[in-house]
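Scroll down for the structure; my scribbles are underneath it.
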Amino acid sequence: MNILIHTCCAPCLVGPNQLLVEEGHRVVALFFNPNVMPYREFRARLNAFKEYTTNQKIPALCDEQYALESTLRRFLDRGEKPRCHVCYEMRLGETARVAAQKGFDAFTSTLCVSPYQEHEGIRKAGEETAEQYHIKFLYMDWRPLFAPAHEEAKSLGLYMQGYCGCIFSEEERYNPSLRKKMQNTRRISVEGGS
Ligand code: SF4
């Protein structure tokens, strides 16, 4: 199959890309992450994505727009919906749109490799956007790949982020009282996780 894989960051691409290619799929990676804040963090992750896909000869597409204001507005105006679900819908919606427009057979996301994400939320957002754009969403539970692939990413010297992406997750990671409160939730990143 021709698969467009939404890529949250270079380290999370390592395992899923290797697996999909081994299974015989043609994989193209898409960087679309307006949730990553602030600007220097966004550039660091974008640059790591470009470096890794170039070095590994992985076909890649990048959206380099830093859409801070519109993304923050989406988060703040979300009503009762959990923030991460808005985030998944935003990123997977754009991936589904691009995949349909460019004639891919299916799309998926490296978010599926992270033990810190809400997998039911990812699956729901993927399936809803797939229906909207008449394209297949591949939900994969790639969590067992997380630790070995991140070890490989470290050995390659890839940039490893310290928090999930948005400024709210940055505070949850570095504000000691918030971190304590959030310690048992999936949204807190550990070194290199997202
Ligand atoms: S914690 Fe991560 S998944 Fe949730 S809204 Fe922030 S960047 Fe998106």
Side-chain angles (χ1 to χ4, degrees), residues 3-17 19-20 29-37 41-42 45 49 67 70-99 106-133 135-150 153 160-175 177-194:
I3 299 173
L4 184 64
I5 183 164
H6 162 260
T7 303
C8 59
C9 62
C12 284
L13 178 60
V14 175
N17 179 64
L19 198 68
L20 290 171
L30 169 70
F31 187 94
F32 176 75
N33 299 295
N35 56 306
V36 178
M37 307 162 185
E41 183 68 24
F42 176 79
R45 296 191 199 187
F49 171 82
S70 57
T71 305
L72 276 179
R73 207 179 299 281
R74 286 176 89 146
F75 286 157
L76 296 173
D77 293 347
R78 70 184 188 278
E80 296 298 311
K81 194 176 273 192
R83 188 183 69 234
C84 296
H85 291 197
V86 173
C87 191
Y88 302 149
E89 285 167 12
M90 176 176 69
R91 293 191 276 172
L92 295 180
E94 177 61 7
T95 310
R97 189 192 69 76
V98 173
F107 72 102
T108 185
S109 175
T110 58
L111 289 166
C112 300
V113 86
S114 172
Y116 304 101
Q117 300 295 340
E118 295 173 33
H119 280 239
E120 274 317 301
I122 295 167
R123 186 200 291 269
K124 186 169 179 286
E127 288 173 355
E128 283 176 3
T129 53
E131 203 176 314
Q132 189 184 345
Y133 290 99
I135 187 163
K136 193 175 167 61
F137 173 66
L138 300 177
Y139 171 76
M140 309 281 194
D141 188 354
W142 282 321
R143 283 173 282 194
L145 299 177
F146 183 81
H150 275 235
M160 311 289 282
Q161 62 266 22
Y163 59 97
C164 188
C166 63
I167 49 170
F168 307 102
S169 64
E170 190 258 2
E171 187 187 5
E172 287 160 7
R173 173 69 176 80
Y174 295 114
N175 178 331
S177 54
L178 250 188
R179 181 171 166 79
K180 202 169 172 198
K181 211 163 98 188
M182 302 291 293
Q183 230 157 19
N184 294 322
T185 74
R186 287 164 297 220
R187 286 202 304 275
I188 291 185
S189 302
V190 293
E191 187 192 355
S194 64

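Since the model is a prediction, treat every value here as computed from it, not as a measurement.
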State, yes or no, whether a side-chain contact exists between [X] and [Y] at a heavy-atom distance under 4.5 Å.
X: Ile5; Y: Leu13; value: yes
X: Arg91; Y: Ser109; value: no
X: Cys8; Y: Asn33; value: yes
X: Met160; Y: His150; value: yes

Spacing of [X] atom [atom1] and [Y] atom [atom2] [to the nearest 0.5 Å]:
X: Cys12; Y: Leu145; atom1: SG; atom2: CG; value: 10.5 Å
X: Phe32; Y: Leu4; atom1: CZ; atom2: CG; value: 12.0 Å
X: Arg78; Y: His85; atom1: CZ; atom2: NE2; value: 11.0 Å
X: Cys84; Y: Leu111; atom1: SG; atom2: CG; value: 10.0 Å
X: Leu19; Y: Trp142; atom1: CG; atom2: CH2; value: 7.5 Å
X: Ile167; Y: Leu72; atom1: CD1; atom2: CG; value: 5.0 Å

Using a cut-off of 6.0 Å, state whether more than 12 heavy atoms not belonging to Glu131 lie near its atom CD.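 At most 12 heavy atoms, drawn from other residues, nucleotides or ligands, come within 6.0 Å of this atom.
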
Decide if atom CZ of Arg73 counts as having more than 12 heavy atoms of other residues, nucleotides or ligands within a radius under 6.0 Å.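 Atom CZ in Arg73 is not crowded, with 12 or fewer foreign heavy atoms closer than 6.0 Å.
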
Looking at Ser169 and Cys166, would you say the former's side chain and the latter's main chain have a donor-acceptor pair under 3.5 Å?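 Side chain of Ser169 to backbone of Cys166: a pair is present.
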
Keeping Asn175 on the side-chain end and Ser177 on the backbone end, is there a donor-acceptor pair under 3.5 Å?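 Such a contact is found between Asn175 side chain and Ser177 backbone.
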
If you take all heavy atoms of [X] and [Y], which pair is closest and at what distance?
X: Phe75; Y: Asn35; answer: CZ-CB, 4.2 Å
X: Thr129; Y: Gly93; answer: CG2-CA, 3.5 Å
X: Met140; Y: Leu20; answer: CE-CD2, 4.4 Å
X: Tyr133; Y: Ala96; answer: CD1-CB, 3.7 Å
X: Leu76; Y: Phe168; answer: CD2-CZ, 4.1 Å
X: Ala99; Y: Ile135; answer: CB-CD1, 3.5 Å

For the side-chain hydrogen bond (donor to acceptor under 3.5 Å, both in side chains) test, which of His119, Lys124, Glu127, Glu120 pairs with Tyr139?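 Of the listed options, the one satisfying the test is His119.
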
Hey, is Glu41 close enough to Arg173 for a salt bridge, meaning N to O under 4.0 Å?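 No.
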
Measure from NZ or CZ of Arg45 to the centre of the six-membered ring of Tyr163 and say whether it is under 6.0 Å with the direction within 45° of the ring axis.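 That pair qualifies as a cation-pi contact.
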
Between His6 and Glu94, do the side chains contain a donor N or O and an acceptor N or O under 3.5 Å apart?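 Glu94 vs His6: no donor-acceptor pair found between side chains.
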
Any side-chain donor paired with an acceptor under 3.5 Å for Gln117 and Tyr88?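 Side-chain D/A pair, Gln117 to Tyr88: present.
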
